[in-house]
Amino acid sequence: MSARRTSSNSSNPAGGGKVITITSGKGGVGKTTATANIGAALAAEGYKVCCIDGDIGLRNLDVVMGLENRIVYDLVDVIEGRCKLRQAMIRDKRLPELYLIPAAQTRDKSAISPSDMVRLCDELRAEVDYIIVDSPAGIERGFRNAIAPADEVVIITNPEVSAVRDADRIIGLVEAEQKGPAKLVLNRLNASMVKRGDMLAPEDVLELLAIQLIGLVPEDENVIVSSNSGSPIVLDEKSRAGQAFRNVAKRLTGQEVPFISMDADDGFLSRLGKMMGRGG
Amino acid sequence: MRPSVQIKGIREGLLVTLGEGYWPDVQTALLEEIAQKADFFKGARLILDVENHILNAATLGKLRDLLSDHHLSLWAVLSHSPTTQQTAQTLGLATRIHQPRPEEAAPALPSEFEGSEALLLRRTLRSGSRVEHSGHVTVIGDVNPGAEIIAGGDVVVWGRLRGLVHAGADGDPEAVVCALDLSPTQLRIAGQIAIAPAPRSQPRPEMARLRDGQVVAEPWSLPGQE
């Protein structure tokens, strides 16, 4: 856990920490899991990280991070001035450089506005290296709140037609907000189903979405176990999904990391390499 | 019967349309209307539409003076009568309120081709985006599933067409749809709706058109190479 606060963060337009928003359009594709794991992986790399749960009224990032019982103040409390920013930042049990600002459970998305989020994140930038915002599903107020402060947007999708369709819509909205180009994480990939032709292959998804891929996460039952126990899978050295999320975090910091092999399908990786090379 | 006086607020000021009748009665009706709604009219710029009334300079000049007594400025007089238009121009009043049409202002570039308007989009249309255009639509990029193009004329996609396209949406049965990979979710030409067959592994450029009332797709290639 060596402190690796490189100068790569200093290029942010607003100065200080970088805001990365995790979104998807469709629900249930793994936004919250990805937020918790990318946050934990960055913190394990030595960065100071704060995750924000943007899903006001349906909070669960605190559960996935195992911090539910420590909540005193939440995001709406900070925005409405009932507490200071630092009072709402819950420190993680395992990683001292990881914090969470939970969502309010008893309010709804209209409790905050996009400009509230921009102000809050601007204040946070001075405190941390990375701010990871977990967006709610949908394209309404909650999504716009989550996207407003973003320096970078990461779209999570599954290799399913409906999830990819929603991702495409979201990419268009992100471009319209001039927050693009978004980056893509393809979650819950089942290599043997792809091989049998029963699941969309990563090439199919990339051909349609045409944005930079920064993660291929294999389907892994242990992700559910880790979510339920509130312990991010990236802390499990043996898990392949954990390895994939660690690689996503590294790529977000600007490191070049080769994609891990999905099963033994090396043909796919070489094809992917060609696609990435061509797309730049 | 009292001549009609209709008032409408427009960008340029208050448009007052005067109905038919004996001009002195019309003028009286207008002035009564103004007196009744003095607060509303106060300081307004008037555009009078006198329709078919034929007015000479003295009549129109008198009206202008009466209006200015009510603190109103007469800015324009619209009329179907060339005499009235000339009178208004002599008095320094405008005789039309909208910008002249572009073709009147600047003659079109000389061209030996008869063409019609087309919209060129140089980007990929993602799910949720909708393009409507009365002419032709050309896309350099893909049209993803969930995107929609509604065109009065033809649609040409230099890329993969996977969304919904309606060509000849105003009912033109001659409209065509061309794409490098023609795999739309649904394709409509004029009043006909078609669903594309299952995607092929080797897509090739195709053109869809109406043949005997049915949407058919044909190879889109150089003439004589089919």
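Chain identifiers are assigned alphabetically (A, B, ...) following the order of the sequence lines, protein sequences preceding nucleic acid strands; residue numbering begins at 1 within each chain. Keep in mind it's a predicted model, so treat the numbers as computed, not measured.
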Donor-acceptor check, side chain of B/D142 to backbone of A/L208, threshold 3.5 angstrom: yes or no?
no

Does CD1 in B/I193 sit with more than 12 non-hydrogen atoms of other residues, nucleotides or ligands closer than 6.0 Å?
yes

Starting at OG1 of B/T185, measure out to CZ of A/R165 and round the result to the nearest 0.5 Å.
6.0 Å

With a 6.0 Å cut-off (strictly less than), is the heavy-atom count around CD of B/Q86, excluding the residue itself, greater than 12?
no

Heavy-atom count around B/I195 CD1 within 6.0 Å, excluding the residue itself: above 12?
no

Ionic contact status for A/E175 with B/R123, cut-off 4.0 Å:
no

A/D168 CG to B/R162 CZ distance, which is reported to the nearest 0.5 Å:
10.0 Å

Does CH2 in B/W75 sit with more than 12 non-hydrogen atoms of other residues, nucleotides or ligands closer than 6.0 Å?
yes

Hey, what do you get for CZ (B/R126) to CD1 (A/I170), rounding to the nearest 0.5 Å?
11.5 Å

Over 12 non-hydrogen atoms of neighbours within 6.0 angstrom of NE2 in B/H71:
no

